[in-house]
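Counting begins at 1 with the first residue of the sequence.
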Amino acid sequence: MGLQGSWSKNRYPNQLLPTGGSNRNEIVSGSVFAAYRVGSSLSASGSVGKSEVRTNVPGSSAFSGTTWNVSMNYSGPRIGAGISTGRSVSGGAGGSANYSIGTFFNTSVNYRLNDRMSVAGGIATSNSDYRGLEQLPETEAVRSSKSRRYFVGADYSMSKIFSFSLDLNHQKRSSDPSGYSYDENSILLGIRARF
């Protein structure tokens with residue numbers, strides 16, 4: 001168990017305010033965390049705390065709320081699984097928001113077929129709430145988004161030196177406004193060499 005804290009400062013020098021100066025904010029977070037292991041196969045960890053967003057723009061919406069992160073993992077002789085969820089606050093992505101509040105939920109399962117090959121699959125989801133400023137319309141381009149990613153993959157060790165991986169992904173993003181929504185399919189092939 002322990003305590004942890006973070007501080008970040010975000011500056012947007014091209015986002016000039018009508019009152020003078022440029023847009024900036026600070027994000028301060030503090031939390032308590034703990035980790036616990038049951039034998040050699042099962043482990044769990046988590047943290048809960050509070051985050052605050054402080055902004056230099058008069059009349060803008062600041063934020064103060066609970067943040068958390070919880071995960072559990074199992075690693076057996078053949079089967080492995082993981083599940084995690086959390087809530088966090090971060091600076092605006094690329095300046096298109098003053099800051100964002102995000103929640104996520106991920107789960108995955110992997111299975112070792114033999115000494116050379118294993119397969120895996122899972123789901124990753126995220127919801128983001130973007131907070132902008134009325135004085136800066138460019139920070140309110142997107143109000144919220146939901147993303148869902150489904151994936152399956154396989155790893156194959158041809159020898160002690162070379163191994164291959166193949167991942168198939170499908171991602172669906174819905175946003176408000178809908179002009180920023182999309183569907184995406186991707187195939188990733190990896191080759192690794194260990195000497």
Q: Given side chain to side chain contact (heavy atoms under 4.5 Å, CB included), test Q171 with Y182 step by step and report yes or no.
A: CA-CA 8 Å; Q171 182 172 347; Y182 61 83; 3.6 Å; yes
Q) Does the pair S157 and S163 meet the rule for a side chain to side chain donor-acceptor pair (under 3.5 Å), with working shown? A) CA-CA 4 Å; S157 297; S163 60; 5.1 Å; no
Q. Can you list the steps and then say if L166 with L188 is a side chain to side chain contact (heavy atoms under 4.5 Å, CB included)?
A. CA-CA 6 Å; L166 177 65; L188 303 176; over 6 Å; no
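Here the straight-line distance linking atom CD1 of I123 with atom OG1 of T125 works out to 8.5 Å at 0.5 Å rounding. The distance from the OG atom of S174 to the CG atom of N127 is 8.0 Å, given to the nearest 0.5 Å. Y130 OH to E140 CD: the interatomic distance, rounded to the nearest 0.5 Å, is 14.5 Å. Once rounded to the nearest 0.5 Å, the distance linking CD of Q135 with CD of Q15 reads 11.5 Å. Distance CD/E52 to OG1/T67: 10.5 Å, rounded to 0.5 Å. Here the NE2-CG distance, from H170 to N185, works out to 5.5 Å after rounding to the nearest 0.5 Å.
Nearest heavy atoms, N23 versus V57: OD1-CG2, 3.7 Å. The shortest heavy-atom contact between N10 and G91 is ND2-CA, 3.8 Å. The minimum heavy-atom distance between V142 and P177, with the atom names listed, is CA-CD, 4.1 Å. The two residues K50 and S64 make their nearest non-hydrogen contact at CE-OG, 2.9 Å. Residue Y99 comes nearest to V89 through the heavy atom pair CD1-CG1, 4.2 Å, listed as atom of the first residue, atom of the second, then distance. When all heavy atoms of R173 and Y180 are compared, the closest pair comes out as NH1-O, 2.7 Å.
With hydrogens and angles disregarded, a donor-acceptor distance shorter than 3.5 Å links the side chain of N56 to the backbone of S22. At least one donor-acceptor pair closer than 3.5 Å links the side chain of R78 to the backbone N or O of L113. Looking at S181, its side chain does come within 3.5 Å of a backbone N or O of S175 through a donor-acceptor pair. One N or O on the side chain of T139 and one on the backbone of L133 form a donor-acceptor pair closer than 3.5 Å. Under a 3.5 Å cut-off, the side chain of R87 and the backbone N or O of T66 do form a donor-acceptor pair.
Grouped by direct or indirect side-chain proximity (heavy atoms under 4.5 Å, Ile/Leu/Val/Met/Phe/Trp/Tyr only), L16 sits alone. The other members of the hydrophobic cluster of Y74, by chain and number, are Y36, V38, L42, M72, I83, F105 (side-chain heavy atoms under 4.5 Å, ILVMFWY only). F104 forms part of no hydrophobic cluster, judged by ILVMFWY side-chain heavy-atom separations under 4.5 Å.
Residues passing the side chain to side chain contact (heavy atoms under 4.5 Å, CB included) test with S90, sequence neighbours excluded: S100. Considering only residues two or more places apart in sequence or on other chains, V70 meets the side chain to side chain contact (heavy atoms under 4.5 Å, CB included) condition with W68, T85. Residues satisfying the side chain to side chain contact (heavy atoms under 4.5 Å, CB included) test with K9, not counting sequence neighbours, are W7, R11, R24, E26. Residues meeting the side-chain hydrogen bond (donor to acceptor under 3.5 Å, both in side chains) test with S41, sequence neighbours left out: none. Partners of S45 by side-chain hydrogen bond (donor to acceptor under 3.5 Å, both in side chains), not counting sequence neighbours, listed by chain and number: S71. Evaluation of the side-chain hydrogen bond (donor to acceptor under 3.5 Å, both in side chains) rule for S31 yields Q4 as partners, not counting sequence neighbours. Remark: S88 pairs with no residue by the side chain to side chain contact (heavy atoms under 4.5 Å, CB included) rule, at least two apart or across chains.
Listed by first and then second residue, the salt bridge (charged side-chain N to carboxylate O under 4.0 Å, His left out) pairs that reach into residues 147-163 are D155-R192, sequence neighbours excluded. Residue pairs that meet the salt bridge (charged side-chain N to carboxylate O under 4.0 Å, His left out) test with at least one member in residues 112-135, sequence neighbours left out, are R112-D115, D129-R131.
Looking only at side-chain heavy atoms (C-beta outward), S126 and K146 stay at 4.5 Å or farther from each other. The shortest side-chain heavy-atom distance between F164 and M158 falls under the 4.5 Å cut-off. Looking at N98 and N25, their side chains come closer than 4.5 Å, going by heavy atoms from C-beta outward. Looking at heavy atoms from C-beta onward, N110 lies out of side-chain contact with V119 at the 4.5 angstrom threshold. The side-chain heavy atoms of S108 and F151, taken from C-beta on, include a pair separated by under 4.5 Å.
Within 6.0 Å of atom CZ in R194, 12 or fewer heavy atoms from other residues, nucleotides or ligands are found, so the atom counts as exposed in its surroundings. When the shell of 6.0 Å around CD1 of I187 is examined, it contains 12 or fewer heavy atoms from other residues, nucleotides or ligands.
I27 and F63 fall within the same hydrophobic cluster, defined by Ile, Leu, Val, Met, Phe, Trp and Tyr side-chain heavy atoms under 4.5 Å apart, directly or through other members.
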